Each structure stands twice: as structure tokens, then as C-alpha cells.
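First comes the structure, then the notes that go with it.
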There are 2 protein chains.
Amino acid sequence: MEIDLAPAQEGTERSQGDTHVTAAIEAVGACQAVTDMLSRVGDKWSMQVVMKLGEQSRRFNELRRIVDGISQRMLTRTLRNLERDGLVSRTVTPTVPPRVDYALTPLGRSLWGPVAGLSQWVLDNRGRIESSRAAYDLREED
Amino acid sequence: MEIDLAPAQEGTERSQGDTHVTAAIEAVGACQAVTDMLSRVGDKWSMQVVMKLGEQSRRFNELRRIVDGISQRMLTRTLRNLERDGLVSRTVTPTVPPRVDYALTPLGRSLWGPVAGLSQWVLDNRGRIESSRAAYDLREED
DNA sequence: CTGTATCCGTGGTGATACTG
DNA sequence: CAGTATCACCACGGATACAG
């Protein structure tokens, strides 16, 4: 199954093969799963952690330092969730003091592509969004 | 570090060469903005509404019916947020009873591509994620 | 029909203290 | 170092009633 990544902007002719239309419909049908994943990955910390681990493998307190503002509790929870979803691997070295390394799994790395696409969109359109917000808020302030 | 922005949108013309690597690095730098947008769009209802409006323009109660389980309050709030961000347009026809049509703006439609990329990833990997969760939960249940 | 206003439970988040 | 445990706060979301 494949989804057309350049959906009808304007008068795009989708007449030809309805394959991607079907796929899009299926995608809409599975939009609950997509939404779920978006909120999993779109929570306050997951994406930042994934991005940091995308650079390289990290230890716990290393992450704690470079993920700005995260609490120990939230880092633990975030990592546990990512591990549960199979996006991050946790490797314990039973030395003393203990050493735990976190890294992206292949599945976690494969998420990077789609996320990068979305990141690019945000970068490209952040200005427009902020302008729109400013204009909207201006209209509302009476 | 090799990042492939495979689902390159039509509109975005990055010159060439290692531009996308640069973009990726910038993406990491702007990960806060990306995270913000992910949680905006990854909330409980936004994506479903965007997808429904991606099919066609809709009226308020029309959306209320087809977006399964959404409350009136949440639909209003979701639409207001999307409108504020410039992703959705709101057209009031001052008849009686009033008629309000919601539609995706060009900006809103441009979001479809990246989101479809992510959707595809979710569809492709949902099974793996669920397996991973099941395995994880099995290990934890003692 | 298309909203706004209000109340309220739940869960996500941070701060802090403690443990192996 | 790498967590767990506990408490308190508050934003999110649902239900309901009301309004233009």
C-alpha cells in the first residue's frame, strides 16, 4: 500500500489510477492509529529524545543534560515508552556504578525519515503559522 | 549522519547537494518548534479533522457527525486552533439558521504530504510497534 | 444551526525525597 | 549513576446547560 505524498494541491488529476485515492481512504480509515502515534511521538519530550539519540547513543544523565528542561521522572517515562514501542533500546552494563546506554533501534531510525519530512514542513511554514496566529490574535483582541 | 528526506514535497525546492543534511541539522536545532507542531497536530482531534476536511469542505455539524466521538466543545476548540494556525478557513454565511463552512487552506493542504508520510510509516510499522508492546508488557507482568 | 459558559474528573508534569 | 516513590498542580477533555 502506498500513499501519494503529493496530494491534490489544486486541479491535480487523480483521475488516472485510483490506487492512491484508495490508499488515502485507507489512511483516513486508520487515522485513529495515526493520531495515536502522533500523540505518542508528539508529547512533550519523545521527539527531542529521539532526535538526540538520532545523533548518537547516549547514557541516562547525558540525555538528562542535553534535553533541555526535562525532569528525571519524565526522561525515565519517555524512555520507557519509547522502549516499549520498540523505538529505543536499553543496554545495561552491570558495573558499579551501573551504566545504561540508550540508542535508537532500526525501527526508531526508520521513523526519522517521516519525522524529518514533517520537520521540514514546520521549518518551511513556521513563519506563516506565526503570522497567522499573530493576525488572528490581533483580530480577537478587542 | 545520513538523513533522507524522501517525501520531499513538490513545492520545496532545496537547491541541491548536502542541502538536506543542513536542513536536517537545522531541524534538530529547531526541534522545539517541531515538537510544538507535533503536539499541536498530534492532539486528540486535530489530525482527524484535517483528514476529514482533506476530503472536502464541511459544515460544523457535518464534522461533528463524521469525526467519531468528538464533543461539540472539542470540535469548536480544535477548529479555532486550526484556524488560528492558518490551516483551516472558516466561512460564515449569514443566513438563518447560520451556516458555517470549514475548509483546508493551501497551508493546511500542504501539511497533508508530510502527514501522509508519517501515516504511511505508522501503517507500515503498526504491527511491529504492537508486537513490541506486547512483548514488553509480557516481560513486565510478574 | 452554531456556537459559548460552567462544572468537574482524569491524567500529564514537575519537585522532592529516597534506594540499589 | 540510574532510577523509584510520593505529592501537588493544572491543563485537557467530557457533559450539560444556555444563547444568538
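Nothing here was measured: the structure is a model prediction, and the numbers come from that model. No hydrogens, no waters, no symmetry mates; every other heavy atom, side chains included, goes into these values. Residue numbering restarts at 1 for every chain, and letters A, B, ... go by the order of the sequence lines.
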Run the side-chain contact (heavy atoms from CB on, under 4.5 Å) check on A:Val115 and B:Trp121 step by step: do they pass? CA-CA 10 Å; A:Val115 167; B:Trp121 185 90; over 6 Å; no
Steps toward side-chain hydrogen bond (donor to acceptor under 3.5 Å, both in side chains) verdict (A:Ser46, A:Asp43): CA-CA 6 Å; A:Ser46 291; A:Asp43 69 6; 2.9 Å; yes
In whole angstroms, how far is the P atom of C:dC1 from the CZ atom of B:Arg90? 16 Å
Distance check: side-chain N/O of A:Tyr102 vs OP1/OP2 of D:dC1, anything under 4.0 Å? no
What nucleotide among C:dT2, D:dG14, D:dG13 has an atom nearest to a side-chain atom of B:Asp43? D:dG13
Calculate the interatomic distance between B:Arg58 atom CZ and C:dC1 atom P; express it in whole Å. 16 Å
Say you draw a straight line from CE of A:Met37 to CG of B:Leu123; how long is it, rounded to the nearest 0.5 Å? 12.0 Å
Tell me the interatomic distance from B:Asn81, atom CG, to D:dG13, atom P, rounded to whole angstroms. 10 Å
Check the distance between D:dG13's C1' and B:Leu75's CG and give it to me in whole angstrom. 13 Å
Out of C:dT4, D:dA2, C:dG14, whichever nucleotide has its closest atom nearest the side chain of B:Thr76: C:dT4
For the side chain of A:Met74, counting heavy atoms from C-beta on, which of C:dT13, C:dT4, D:dG3 is nearest? C:dT13
Base, sugar-phosphate alone, or nothing: which one does B:Arg64 contact when heavy atoms must sit under 4.0 Å apart? nothing
Residue B:Pro98, side-chain heavy atoms: nucleotide from C:dG3, D:dC12, C:dT2 that is nearest: C:dT2
For A:Asn61, which contact category applies under a 4.0 Å heavy-atom criterion: base, sugar-phosphate, or nothing? sugar-phosphate
I want to verify a distance call: between C:dA17, C:dT2, C:dG12, whose nearest atom is closest to the A:Gln72 side chain? C:dA17
Find the distance B:Glu62:CD to C:dG3:C1' and express it as a whole number of Å. 17 Å
A:Leu79 CG - D:dC1 C1' separation (whole Å): 14 Å
Please assess A:Asp137 against B:Arg84 for the test salt bridge (Lys or Arg N to Asp or Glu O under 4.0 Å), listing each intermediate value before the final yes or no. CA-CA 8 Å; A:Asp137 294 346; B:Arg84 189 171 102 100; 2.5 Å; yes
side-chain N/O A:Arg80 vs D:dT4 OP1/OP2, d < 4.0 Å: yes
Grab the CZ-C1' distance between B:Arg65 and C:dC1 for me, whole Å please. 11 Å
B:Trp45 side-chain proximity, nearest of D:dG3, C:dT2, D:dG14: D:dG14
Closest to side chain of B:Phe60, choosing from C:dC1, C:dG3, C:dG14: C:dG3
Round to the nearest Å and state the distance from B:Ile70 atom CD1 to D:dA15 atom C1'. 14 Å
Between A:Tyr102 and A:Arg58, do the side chains contain a donor N or O and an acceptor N or O under 3.5 Å apart? no
Could you tell me whether the side chain of B:Arg73 has a donor or acceptor atom within less than 3.5 Å of a complementary atom in the base of C:dT6? yes
